[in-house]
Number of protein chains: 2
Amino acid sequence: MDSRNDGPQRSDAQRNRERILEVALAELSRAEDVPLSLIAKKAGVGQGTFYRNFPNREALVLEVYRHEVMVLTDAAAELLKTRAPDEALREWMEQLARFAVAKVGLSDAMRQIVGTSAGPAQPGYALVVEAIEALLAANHEVGTLRPGLTADDFILAIAGIWQIDSSGDWQAQSARLLDLVMDGLCAGAPGPG
Amino acid sequence: MDSRNDGPQRSDAQRNRERILEVALAELSRAEDVPLSLIAKKAGVGQGTFYRNFPNREALVLEVYRHEVMVLTDAAAELLKTRAPDEALREWMEQLARFAVAKVGLSDAMRQIVGTSAGPAQPGYALVVEAIEALLAANHEVGTLRPGLTADDFILAIAGIWQIDSSGDWQAQSARLLDLVMDGLCAGAPGPG
DNA sequence: GATATAAGCGGACTGGTGTCCGCTAAGTCA
DNA sequence: TGACTTAGCGGACACCAGTCCGCTTATATC
């Protein structure tokens, strides 16, 4: 445990953190498997500083893609305004799948994070869970989902998304997976009323 | 690539491989995250010998649990003899889930292997795929599965199994997951005839 | 048994993750 | 502006995965 809880940071610390993120975005875009030590060096900070900010690769990746993650979570709210809840859910899952295939590094991070109790601690991860909960709540409201389904259940159900191989025919593969999952999610739904 | 294809091994080589597996079983039972170098040392072989036999941790784990894996795949055939195909499938998935929770190291290995093109190369993995294909074929025969479902689809659908946290209420969690997946697998099934 | 040969050995080495801890300098208060 | 306090720094370090290559020795052949 380090001083990562609250209170104002020292200004140099904040600058360092931002420089790391800047460099990380650039480097991770070039190759997913850049050594973290290289990112630290290019950002002009020591190993210690780097790891104090991002205790492991997953934490860094999640933070680097925070912007994209926020786009995704915003999309959930948007979809709920413009579509029926079940369509919104399905469409959102498709966006998620596209995202997973495009950002392999993020898929790796998600595989690591899902199913560890440390998961919800990640601030970026919490956003995704919130978006999911909103989607599920809207669907439960109108009775298009099986009863008792939680966000955790949902996350496990779509775990396959993070495993799809981006080479090969991922479009067909993810479509088949999502069809199947969607059917599972909706089976036994009480229906409207 | 090394001489891992066929032909008779030298006797000392075979002895070494067996000693490694012996030690690995003991060590992995004590703790899942034993350093591979320690296993090599305790088996009295060099790093080179170790890695020639097992190019990475997953390969070793898969081989160590080969016996258990074979029990599992045998169970598939057995279930198909004694039950209706859909019940057999469901029961087998439950065995798989129990297995995944019990052998955390194997879950880690499976997460690594699923979704990489290197997966099917693992001999132990191929056995599991065969078992799955038999279960699916039997179900397709009697029309209890959605059409066009392949073993790959199935593996992705149950990917969540490898993510279940063994601490916490994994029984309820896996039951909910399997209910959901099963409904998805069966949705749109043509039915008998 | 002596010889040839290549399968197999094993440990030094590379490169990466994550930790530790003595030191530096930013913020604070007078 | 100077002294004090401590958050934060950063690089040496420990440890592990995986590779490489000169050497050893099991086996085949005579």
Side-chain angles (χ1 to χ4, degrees), chain A residues 1-21 23-24 27-28 30-64 105 108-109 111-113 116 118 121-122, chain B residues 1-21 23-24 27-28 30-64 105 108-109 111-113 116 118 121-122:
Chain A
M1 197 61 51
D2 212 271
S3 58
R4 197 73 294 106
N5 29 22
D6 61 352
Q9 282 186 306
R10 251 165 60 171
S11 61
D12 56 340
Q14 198 165 333
R15 270 198 307 275
N16 273 334
R17 184 185 173 85
E18 265 152 32
R19 258 209 328 289
I20 293 172
L21 279 172
V23 172
E27 292 297 315
L28 287 176
R30 283 203 305 107
E32 295 283 3
D33 58 347
V34 201
L36 300 185
S37 50
L38 182 74
I39 295 179
K41 179 175 277 185
K42 285 210 177 184
V45 304
Q47 302 271 81
T49 303
F50 179 91
Y51 280 99
R52 199 171 319 105
N53 278 281
F54 308 100
N56 50 50
R57 179 177 287 269
E58 289 72 51
L60 176 68
V61 168
L62 226 50
E63 202 59 23
V64 164
D108 292 344
R111 275 205 300 273
Q112 292 287 346
I113 289 170
T116 72
Q122 304 285 353
Chain B
M1 199 58 51
D2 212 270
S3 58
R4 196 73 296 104
N5 28 22
D6 60 353
Q9 282 185 307
R10 253 166 57 171
S11 62
D12 56 340
Q14 198 165 331
R15 270 199 307 276
N16 274 333
R17 182 184 174 85
E18 266 152 32
R19 255 207 335 285
I20 293 172
L21 278 172
V23 172
E27 291 298 314
L28 287 176
R30 282 203 308 107
E32 296 283 4
D33 59 347
V34 203
L36 301 184
S37 51
L38 181 76
I39 294 178
K41 179 175 278 184
K42 285 211 177 182
V45 304
Q47 303 271 79
T49 303
F50 179 92
Y51 280 99
R52 199 171 318 104
N53 278 282
F54 309 100
N56 51 50
R57 178 176 287 268
E58 288 72 52
L60 176 67
V61 169
L62 227 50
E63 202 60 23
V64 165
D108 292 345
R111 275 206 298 275
Q112 292 286 346
I113 289 169
T116 71
Q122 303 285 353

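Computed from a predicted model, the values in this text were never measured in an experiment. Letters A, B, ... are given to chains in the order of the sequence lines, protein chains preceding strands, and every chain is numbered from 1.
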Kindly say whether, by distance alone, the side chain of A:R10 makes a donor-acceptor pair under 3.5 Å with the base of C:dA26?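 Side chain to base: no pair present.
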Between the base of C:dG18 and the side chain of A:Q47, is one N or O donor paired with an acceptor at under 3.5 angstrom?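 In this structure, the two groups form a donor-acceptor pair.
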From [atom1] of [X] over to [atom2] of [N], roughly how many Å is that when rounded to an integer?
| X | N | atom1 | atom2 | value |
| --- | --- | --- | --- | --- |
| A:R17 | D:dA7 | CZ | C1' | 16 Å |
| B:Q14 | C:dC9 | CD | P | 11 Å |
| B:F54 | D:dA17 | CZ | P | 15 Å |
| A:I39 | D:dG10 | CD1 | P | 16 Å |
| B:F50 | C:dC9 | CZ | P | 13 Å |
| A:R57 | C:dG18 | CZ | P | 8 Å |
| B:L36 | C:dG10 | CG | P | 17 Å |
| B:N53 | C:dG10 | CG | P | 11 Å |

Does [X] make a side-chain N or O approach to OP1 or OP2 of [N] shorter than 4.0 Å?
| X | N | value |
| --- | --- | --- |
| B:T49 | C:dG10 | yes |
| A:N56 | C:dT17 | no |
| A:R52 | D:dC9 | yes |

If I compare all heavy atoms of [X] with all of [Y], which pair ends up nearest, and what's the gap?
| X | Y | answer |
| --- | --- | --- |
| A:A40 | A:G46 | CB-O, 4.3 Å |
| A:V34 | A:E27 | CG2-O, 3.3 Å |
| A:N53 | A:T49 | ND2-O, 3.1 Å |

Pick the nucleotide of DNA chain D nearest each of B:Y51 and A:N16; which residue has the one closer to the 5' end?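 Whichever sits nearer the 5' end wins; that is A:N16.
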How long is the span from the CZ atom in B:F54 to the CD1 atom in B:I20, to the nearest 0.5 Å?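 Answer for the CZ-CD1 pair, B:F54 versus B:I20, is 5.5 Å.
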Is there a side-chain contact between B:E32 and B:D108 (heavy atoms, below 4.5 Å)?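 Of all side-chain heavy-atom pairs linking B:D108 with B:E32, none is under 4.5 Å.
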Nearest to the side chain of B:A13 - C:dC9, C:dG18, C:dA26?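 For B:A13, the side-chain atoms sit closest to C:dC9.
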Just to be sure I understand the rule, does B:S37 reach a base, reach only the sugar-phosphate, or reach nothing, if contact means heavy atoms closer than 4.0 Å?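 It contacts sugar-phosphate atoms only.
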